[in-house]
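Below: the structure, in structure tokens.
Letters A, B, ... mirror the listed sequences (proteins, then strands); counts begin at 1.
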Amino acid sequence: MKKIINDPKNVVEEMVDGLVRSYPQYLTKLPDTEAMVRSDQASMKGKVGLVSGGGSGHEPAHAGFVGQGMLSAAVAGQVFTSPTPDQIYAAIKAVDQGKGVFLIIKNYSGDVMNFDMAKDMAELDDIQVKSIVVDDDIAVKDSLYTQGRRGVAGTVLMHKILGAAADQGASLDELETLANQVMPQLKTIAVALSAATVPEVGKPGFELADDEIEFGVGIHSEPGYRREKIKPSKALVQELLGKLDDELKLQADHQYAVLVNGMGATPLMDQYVFCHDLLDELAARDIEPAFMKVGNYMTSIDMAGISLTLLDMTTTNWLDYLQYPVKTIAWS
Amino acid sequence: MKKIINDPKNVVEEMVDGLVRSYPQYLTKLPDTEAMVRSDQASMKGKVGLVSGGGSGHEPAHAGFVGQGMLSAAVAGQVFTSPTPDQIYAAIKAVDQGKGVFLIIKNYSGDVMNFDMAKDMAELDDIQVKSIVVDDDIAVKDSLYTQGRRGVAGTVLMHKILGAAADQGASLDELETLANQVMPQLKTIAVALSAATVPEVGKPGFELADDEIEFGVGIHSEPGYRREKIKPSKALVQELLGKLDDELKLQADHQYAVLVNGMGATPLMDQYVFCHDLLDELAARDIEPAFMKVGNYMTSIDMAGISLTLLDMTTTNWLDYLQYPVKTIAWS
Amino acid sequence: MLTVENTTAWLNQFAAQIEQHQSYLSELDTPIGDGDHGGNMARGLAAVKTALATQPADLTKLFQATAMALISKVGGASGPLYGTAFLEMAKQSKTDTDLGTLLAAALAGIEKRGGATTGDKTLIDVWAPVVAAVQAGKLTQTVIDDAVASTKPMVAKKGRASYLGERSAGHLDPGAVSSGYLFTTLLATEGIL
Amino acid sequence: MLTVENTTAWLNQFAAQIEQHQSYLSELDTPIGDGDHGGNMARGLAAVKTALATQPADLTKLFQATAMALISKVGGASGPLYGTAFLEMAKQSKTDTDLGTLLAAALAGIEKRGGATTGDKTLIDVWAPVVAAVQAGKLTQTVIDDAVASTKPMVAKKGRASYLGERSAGHLDPGAVSSGYLFTTLLATEGIL
Ligand SMILES: Nc1ncnc2c1ncn2[C@@H]1O[C@H](COP(=O)(O)OP(=O)(O)O)[C@@H](O)[C@H]1O
Ligand SMILES: Nc1ncnc2c1ncn2[C@@H]1O[C@H](COP(=O)(O)OP(=O)(O)O)[C@@H](O)[C@H]1O
Ligand SMILES: [Mg+2]
Ligand SMILES: [Mg+2]
Ligand SMILES: [Mg+2]
Ligand SMILES: [Mg+2]
């Protein structure tokens with residue numbers, strides 16, 4: 001394991017410190033926590049607060065999306081480990097303007113439980129708290145008999161849409177309604193060429209041969225659903241888009257937002273080649289994205305791979321939300 | 001070599017196609033070239049045109065910096081290969097508003113010669129062309145008896161400063177003066193943990209053992225100046241900042257802009273830890289950056305590593321230029 | 001019978017086991033997880049040790065201090081689950097300090113918090129048989145070991161391991177193993193059982 | 001003596017050599033460069049072959065077509081240098097088609113364009129002795145081979161290899177090797193020398 005770090009035990013503390021001191025105009029760290037709150041206090045006045053977070057290792061998510069038009073605060077847990085309720089609660093308190101606080105929670109056992117306990121703590125303080133559990137990943141079957149689907153890169157589009165609505169003065173209930181309308185239209189699937197290495201673990205989460213890819217990975221470097229031989233970009237696009245098509249039933253007269261997300265170590269060069277094939281494949285279905293973003297938004301440390309997110313925006317005004325101006329480090 | 005691409009021979013063509021079709025609001029490709037021009041024609045009216053470019057493999061540089069407040073056009077050559085004069089000339093013609101065109105050229109034998117030949121072609125058309133050759137890398141000794149220093153991540157700050165000045169109506173001569181004032185104050189040094197793999201080559205430019213780093217690398221995966229054992233982030237910062245200090249003579253009462261740049265495969269996690277140590281090390285010298293940016297700006301495909309750029313802005317208004325609003329894909 | 005002294009001894013022993021087997025727990029959490037269970041638990045139990053270094057006034061305060069340390073330091077899925085377990089024991093201990101009753105309350109809290117049940121390949125697959133054995137006065141090391149081992153062939157239906165589907169079979173559940181240490185040290189602590 | 005026919009044959013042979021040794025050239029460009037010289041030259045010479053498939057009217061047009069193909073397709077450092085070489089030969093050929101004179105004009109163009117000189121470990125270290133030998137009527141394969149080999153121990157002072165400093169010694173210069181193919185095929189083409 002070769003990384004530019006110091007003691008692996010201190011990675012999160014040093015990382016958050018480096019981040020907030022590099023971008024003090026965006027982020028303010030709450031003392032004795034790894035929670036980061038929007039520095040622009042004025043922009044939060046009278047609005048519903050938006051709090052998200054999760055284990056570290058997904059940078060720029062989530063702190064890179066804190067700022068006017070997007071999140072009010074992000075809480076960073078240990079690497080790949082959900083943050084604890086006391087820290088989430090501190091963030092909730094810090095951004096509460098009396099209009100309530102909305103939590104964007106990625107669907108993992110730990111995230112759901114820790115955010116839930118924080119909600120309990122906040123409600124004891126008479127802070128109204130509502131939430132959405134994001135489960136956009138389609139690689140895993142959703143079932144009453146499973147943990148449910150994972151929350152992955154689509155979470156960033158949820159941040160963006162709710163952030164715009166909140167900045168425009170949406171109430172806590174309106175945000176909940178909006179979130180629940182968005183969720184079923186938001187689908188993601190990913191492929192990895194190599195696993196991530198967690199600093200304290202010191203080796204990759206799984207090993208792939210030089211000619212293997214892992215299909216259906218999440219963002220915590222647990223193995224995916226299926227291992228295959230490496231294919232050219234065009235073939236990967238056909239497979240991933242095919243799976244999304246099965247879920248969303250892509251139609252020519254529908255309006256889609258697309259997020260092509262790098263998992264951390266995949267260069268933009270590859271991401272743009274993937275886009276070339278993706279846009280051709282969508283064009284073959286008579287589809288041209290109404291909105292598109294390409295880059296590293298929700299990574300898995302140094303995993304090589306790509307995730308593809310589609311959001312069906314048809315008959316909604318979500319495009320306006322996606323295009324609404326923001327002031328954050330990582331979304332422009 | 002595991003990449004998300006198709007035939008390596010077609011990487012640049014597919015990459016540029018994917019990029020311009022993902023972001024048509026920013027970029028328009030010139031037919032029969034891999035030159036990308038600002039789509040927002042109105043914002044270029046009556047201004048000096050700014051053209052840059054180079055070999056592909058440094059994404060988001062340079063096309064990610066095309067837009068109002070920054071470049072007018074970027075020309076993409078083959079991977080790690082300077083673009084040819086006919087393509088650069090096409091870009092110059094496309095953005096010329098009658099006020100002249102300024103070229104930002106990275107100091108490599110090929111880049112200088114190709115941009116020079118394009119300048120000759122443009123001047124035959126009575127287009128006024130001036131240029132700056134960026135040579136911010138300090139890893140190599142500058143000498144009459146060498147190729148001179150390389151142009152690396154500092155080029156992005158040159159794009160930003162000249163872009164702001166050009167958007168504010170600076171003349172061709174004023175831009176040349178400004179560029180020549182900036183150049184001596186702009187210094188960069190890099191370290192790599194692994195080399196890049198060029199698609200058509202199929203293997204890394206050099207091999208490092210699990211415990212080795214390469215000091216003084218550029219952005220084309222040629223070997224650096226010295227190989228060493230891996231050190232913790234803090235020690236890397238001390239060495240890199242020490243070298244920059246030798247060059248720039250860092251002083252407490254001076255004003256600095258800092259760019260911490262990921263070389264492609266290094267996660268933001270590591271970059272932020274590096275920032276933590278860098279800010280501590282600067283604080284020990286009584287220095288707090290006036291401006292700071294962290295992320296992947298001038299990469300070397302999938303190289304793991306970091307470059308550190310300092311710009312001494314003391315007694316200038318360059319901070320205003322760095323903070324001037326832009327509309328580009330990769331700088332916000 | 002639980003006392004502040006022997007419960008403190010138990011939890012310190014548990015912390016020592018977690019510390020000793022930290023890498024192993026993270027190894028288990030690698031083929032079917034994200035590799036952090038050992039680190040999570042070690043961080044949390046270190047905080048528990050610190051909290052218990054100042055002798056709590058009574059069992060309720062002991063369980064509460066333990067719960068708070070775990071909740072605020074472990075994180076992930078195991079933090080809320082172990083934390084809730086001790087929180088429930090704290091609540092229950094106000095009226096009843098019988099070990100079986102406390103552990104049953106803890107198990108109910110775990111099931112409610114995480115929504116899992118026996119057979120889902122989680123730490124519940126150790127808690128359930130162990131708690132039943134404690135209530136029947138029949139806890140032995142074999143009960144604990146068998147419970148931990150029973151998770152190996154299971155296909156996970158809750159937690160991160162469930163994303164692997166069939167591929168989760170053939171691996172011990174890390175939370176089950178750490179719970180095995182909890183109960184092994186319980187059994188070995190003089191005066192409790 | 002150069003004619004359209006034998007010059008076309010020469011350059012097609014050069015293209016064949018470049019195509020055949022493309023990987024080798026890029027291999028040479030790896031320890032002291034960025035690994036693209038073979039690809040750059042192959043792309044350019046393929047364009048030259050296409051351009052010359054339609055027989056040019058005269059030597060000037062032949063050299064011009066060759067120059068334009070190289071300039072617009074090779075890129076990097078070698079593109080402008082080889083391109084300028086043929087551009088200068090095109091210009092010179094309007095008044096003089098003597099091979100030595102043409103090659104001397106090409107060499108002068110290379111030196112002016114790139115600012116390098118002999119001993120800098122570039123393709124100039126092959127062009128200079130070869131051009132002198134042609135002008136003296138004494139070009140042999142040994143002259144070419146020795147010139148290419150002479151670049152091996154040199155420390156590079158121009159081009160990408162110069163960034164490596166002392167580490168550039170002990171490696172053949174890739175541009176020198178591709179120029180070796182240019183002159184080897186020149187020598188072997190019937191009727192030129
Ligand atoms: N919903 C749940 N109910 C009960 N136990 C669970 C649940 N989810 C996870 N676990 C337990 O937590 C353990 C994983 O803990 P840990 O690795 O610390 O957290 P994470 O899965 O968030 O990385 C699993 O081995 C399992 O025993
Ligand atoms: N300034 C120069 N003058 C003469 N020859 C040069 C100069 N710079 C580079 N070269 C030649 O170009 C060759 C490298 O070509 P190539 O790899 O295609 O371009 P690049 O160096 O831009 O990647 C070197 O081996 C050397 O022979
Ligand atoms: Mg975890
Ligand atoms: Mg090159
Ligand atoms: Mg885990
Ligand atoms: Mg080269």
Would you list the atom pairs in which one atom of chain B and one of chain A form a donor-acceptor pair under 3.5 Å?
{"residue": "K2(B)", "atom": "NZ", "partner": "L193(A)", "partner atom": "O", "Å": "2.6"}
{"residue": "K2(B)", "atom": "NZ", "partner": "A209(A)", "partner atom": "O", "Å": "2.8"}
{"residue": "K2(B)", "atom": "NZ", "partner": "E212(A)", "partner atom": "O", "Å": "2.9"}
{"residue": "I4(B)", "atom": "N", "partner": "D270(A)", "partner atom": "OD2", "Å": "2.9"}
{"residue": "I5(B)", "atom": "O", "partner": "S233(A)", "partner atom": "N", "Å": "2.8"}
{"residue": "N6(B)", "atom": "OD1", "partner": "S233(A)", "partner atom": "N", "Å": "3.2"}
{"residue": "N6(B)", "atom": "OD1", "partner": "K234(A)", "partner atom": "N", "Å": "3.0"}
{"residue": "N6(B)", "atom": "ND2", "partner": "D277(A)", "partner atom": "OD1", "Å": "3.3"}
{"residue": "N6(B)", "atom": "ND2", "partner": "D277(A)", "partner atom": "OD2", "Å": "2.8"}
{"residue": "D17(B)", "atom": "OD2", "partner": "H276(A)", "partner atom": "ND1", "Å": "2.6"}
{"residue": "R21(B)", "atom": "NH1", "partner": "D280(A)", "partner atom": "OD1", "Å": "2.9"}
{"residue": "R21(B)", "atom": "NH2", "partner": "D280(A)", "partner atom": "OD1", "Å": "3.1"}
{"residue": "Y23(B)", "atom": "OH", "partner": "V294(A)", "partner atom": "N", "Å": "2.8"}
{"residue": "Y23(B)", "atom": "OH", "partner": "V294(A)", "partner atom": "O", "Å": "3.4"}
{"residue": "L193(B)", "atom": "O", "partner": "K2(A)", "partner atom": "NZ", "Å": "2.6"}
{"residue": "A209(B)", "atom": "O", "partner": "K2(A)", "partner atom": "NZ", "Å": "2.8"}
{"residue": "E212(B)", "atom": "O", "partner": "K2(A)", "partner atom": "NZ", "Å": "2.8"}
{"residue": "S233(B)", "atom": "N", "partner": "I5(A)", "partner atom": "O", "Å": "2.8"}
{"residue": "S233(B)", "atom": "N", "partner": "N6(A)", "partner atom": "OD1", "Å": "3.3"}
{"residue": "K234(B)", "atom": "N", "partner": "N6(A)", "partner atom": "OD1", "Å": "3.0"}
{"residue": "D270(B)", "atom": "OD2", "partner": "I4(A)", "partner atom": "N", "Å": "2.9"}
{"residue": "H276(B)", "atom": "ND1", "partner": "D17(A)", "partner atom": "OD2", "Å": "2.6"}
{"residue": "D277(B)", "atom": "OD1", "partner": "N6(A)", "partner atom": "ND2", "Å": "3.3"}
{"residue": "D277(B)", "atom": "OD2", "partner": "N6(A)", "partner atom": "ND2", "Å": "2.8"}
{"residue": "D280(B)", "atom": "OD1", "partner": "R21(A)", "partner atom": "NH1", "Å": "2.9"}
{"residue": "D280(B)", "atom": "OD1", "partner": "R21(A)", "partner atom": "NH2", "Å": "3.1"}
{"residue": "V294(B)", "atom": "N", "partner": "Y23(A)", "partner atom": "OH", "Å": "2.8"}
{"residue": "V294(B)", "atom": "O", "partner": "Y23(A)", "partner atom": "OH", "Å": "3.4"}

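- Per-residue heavy-atom pair counts under 4.5 Å with chain A were compared for L279(B), V260(B), V11(B), V237(B), and the maximum is reached by L279(B).
- Contacts of I301(B) with chain A are made by both backbone and side-chain atoms, with heavy-atom separations under 4.5 Å.
- Atom CG of L236(B) sits about 11.0 Å away from atom CD1 of I5(A), to the nearest 0.5 Å.
- Residue A209(A) touches chain B through its backbone alone, counting heavy-atom pairs closer than 4.5 Å.
- Closest of all the heavy-atom pairs between P199(B) and M269(A) is CG-SD, 4.0 Å.
- Using a 4.5 Å cut-off between heavy atoms, L278(A) makes no contact with chain B at all.
- Heavy atoms of L193(A) lying under 4.5 Å from chain B belong to its backbone as well as its side chain.
- For L208(B), the parts lying under 4.5 angstrom from a heavy atom of chain A are both the backbone and the side chain.
- For chain A, the option among V273(B), I4(B), L268(B), V79(B) with the highest count of heavy-atom pairs below 4.5 Å is I4(B).
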